[in-house]
Trainee: 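Handing you this structure, nothing more for now.
The structure presented is a predicted model; accordingly, all values stated were derived computationally and were not measured. Just so you know, ligand 1 is whichever comes first in the structure, and atom 1 is the first atom listed for that ligand.
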Amino acid sequence: MSLRLGLVGWPVGHSLSPRIFDLLAERLKVKLSYCAIAVTAGELAGELASLAEDGYAGVNVTIPHKQAAARLVDALTPEAERIGAVNTVRFSGGKSKGHNTDAAGFLDALGLLEIGPKGLDAVVFGAGGAARAVGWALGKARARKVRFSARRPAEAAKLARELGAMFEETAFSAGESRPAGLWVNATPLGMDGFPDESPAEKFAGCAAFDLVYGRETAFLKQARAAGARTQGGFAMLVFQALRGWEFWTKPLGEARRLRLASEIVKELR
Ligand code: NAP
């Protein structure tokens with residue numbers, strides 16, 4: 001029997017998830033049908049219910065529905081509850097459970113930069129859903145300091161306050177960027193629409209992690225020119241997908257996850 005999975009979002013035409021899951025199914029020798037479904041905000045609740053009825057084992061959720069999905073599912077994992085956003089839903093026994101794999105996917109990909117998050121001093125650009133997942137992951141992994149720098153300072157301050165209340169060992173703050181061990185771009189700058197833009201005028205970190213994927217962004221170019229180590233968003237995208245697969249099926253184990261991720265990232269490039 002074929003496993004039925006999918007992705008709901010708006011738009012979804014550009015999504016790499018169907019390709020990632022096809023590559024994964026090929027490697028695991030699993031029969032899988034994975035389709036991307038364009039769903040408006042008003043259709044989300046009905047669509048989730050009908051996908052469950054149609055025998056889907058689960059779905060990924062992408063922009064702009066991650067927060068709404070967290071309110072619609074029957075239950076949440078602790079990660080999803082605290083991050084307040086769901087990117088993976090599992091249907092089982094007539095119930096839906098929401099999970100967030102962006103945080104784990106970020107930490108997995110950070111490992112490729114050979115950076116340990118414990119004790120780290122980081123600056124995160126942006127104060128949206130991805131910045132929140134990254135901040136949560138860094139707090140959970142006991143980073144020392146996390147500073148959010150966003151074009152709306154009040155949003156950055158709110159995020160720092162909320163995460164600060166969750167983690168005792170990490171000092172969350174908001175404001176202008178400053179030199180740090182890791183700089184993370186969690187804004188869309190670098191994507192289509194803003195291809196040559198970076199969230200910072202000048203790079204001042206030891207390493208750069210850009211959540212934007214599919215190109216060498218201006219942020220990564222600045223970091224490379226400054227002699228910093230860099231990581232683009234592809235690896236996180238693949239790791240969060242593999243973590244979702246594990247939520248729907250069973251754990252892959254660290255070594256297998258790493259091997260599959262590096263094979264899939266190579267194929268996507
Ligand atoms: P989001 O919730 O919309 O938040 C985006 C953040 O960037 C907000 O703080 C927003 O500020 C800021 N921003 C937007 N346009 C900006 C601009 N022109 N200049 C400066 N700041 C700007 O989006 P998200 O879900 O956090 O996603 C952010 C990025 O991460 C996207 O590119 C997404 O594709 C990427 N992402 C990648 C992965 C991965 O696996 N690689 C996973 C998740 C997300 P305002 O609130 O003022 O608009």
Trainee: Under 3.5 Å between any N/O of F194 and any N/O of ligand 1: does that happen in this structure?
Mentor: no
Trainee: Which heavy atom of the protein is the closest neighbour of atom 13 (N) of ligand 1, given with residue, atom name and distance?
Mentor: P188 CD, 3.6 Å
Trainee: Do R147 and E176 sit within salt-bridge range, that is, some charged N less than 4.0 Å from a carboxylate O?
Mentor: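 Salt bridge: no.
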Trainee: If the threshold is 4.0 Å, N to carboxylate O, is there a salt bridge linking E267 and R27?
Mentor: yes
Trainee: Before signing off on this row, confirm whether R152 and ligand 1 have an N or O atom pair separated by under 3.5 Å.
Mentor: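 N/O-N/O distance under 3.5 Å: yes.
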Trainee: Please report the C-alpha distance between L112 and Q231 in whole Å, then the side-chain angles of each, then the deciding distance to 0.1 Å, and finally whether the side-chain contact (heavy atoms from CB on, under 4.5 Å) criterion is met.
Mentor: CA-CA 8 Å; L112 300 181; Q231 177 67 54; 3.6 Å; yes
Trainee: Evaluate I63 for polar contact with ligand 1, using N/O atom pairs at a separation under 3.5 Å.
Mentor: no
Trainee: Check this for me - ligand 1, A127, N or O atoms closer than 3.5 angstrom, yes or no?
Mentor: yes
Trainee: Around atom 28 (C) of ligand 1, find the nearest protein heavy atom and jot down its residue, atom name and distance.
Mentor: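 The protein heavy atom lying closest is A186 O, 3.5 Å.
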Trainee: Can you tell me the protein heavy atom closest to atom 17 (C) of ligand 1 and the distance?
Mentor: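 Protein heavy atom with the smallest distance to atom 17 (C) of ligand 1: R151 NH1, 3.2 Å.
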Trainee: Starting from atom 2 (O) of ligand 1, locate the nearest protein heavy atom and write down its residue, its atom name and how far away it is, to 0.1 Å.
Mentor: G129 N, 3.0 Å
Trainee: Would you say atom 42 (C) of ligand 1 has a protein heavy atom nearer than 4.0 Å?
Mentor: yes
Trainee: Name the orientation class of the two ring planes belonging to F172 and F148 (parallel below 30°, tilted from 30 to 60°, perpendicular beyond 60°).
Mentor: parallel
Trainee: If we only count N/O pairs under 3.5 Å, is E197 in contact with ligand 1?
Mentor: no
Trainee: Report the nearest protein non-hydrogen atom to atom 4 (O) of ligand 1: residue, atom name, distance rounded to 0.1 Å.
Mentor: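 That would be G128 CA, 3.3 Å.
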Trainee: I'd like to check which ligand 1 atoms, numbered from 1 as shown, lie under 4.0 Å from a non-hydrogen atom of T187.
Mentor: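 Reading through ligand 1 atom by atom, the close ones are 7 (O), 29 (C), 32 (O).
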Trainee: Taking only Lys NZ, Arg NE, NH1 and NH2, and the carboxylate oxygens of Asp or Glu, determine whether D192 and R215 approach each other closer than 4.0 Å.
Mentor: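 So D192 pairs with R215 through a salt bridge.
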Trainee: Before signing off on this row, confirm whether G126 and ligand 1 have an N or O atom pair separated by under 3.5 Å.
Mentor: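 It does not: no N or O of G126 is found under 3.5 Å from an N or O of ligand 1.
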Trainee: Please indicate whether any nitrogen or oxygen in A130 is less than 3.5 Å from any nitrogen or oxygen in ligand 1.
Mentor: yes
Trainee: Kindly assign one of parallel, tilted or perpendicular to the pair W183 and F219, based on the angle between their ring planes and the thresholds 30° and 60°.
Mentor: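 Correct class here is parallel.
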Trainee: In the protein, which heavy atom is nearest to atom 32 (O) of ligand 1, and how far is it?
Mentor: M191 SD, 2.9 Å
Trainee: Test R243 against every option in T101, D108, N100 by the side chain to side chain donor-acceptor pair (under 3.5 Å) rule and name the one that passes.
Mentor: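 When T101, D108, N100 are each tested with R243, the side chain to side chain donor-acceptor pair (under 3.5 Å) holds only for D108.
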Trainee: How far is atom 30 (O) of ligand 1 from its nearest protein heavy atom, and which residue and atom is that?
Mentor: L211 CB, 3.8 Å
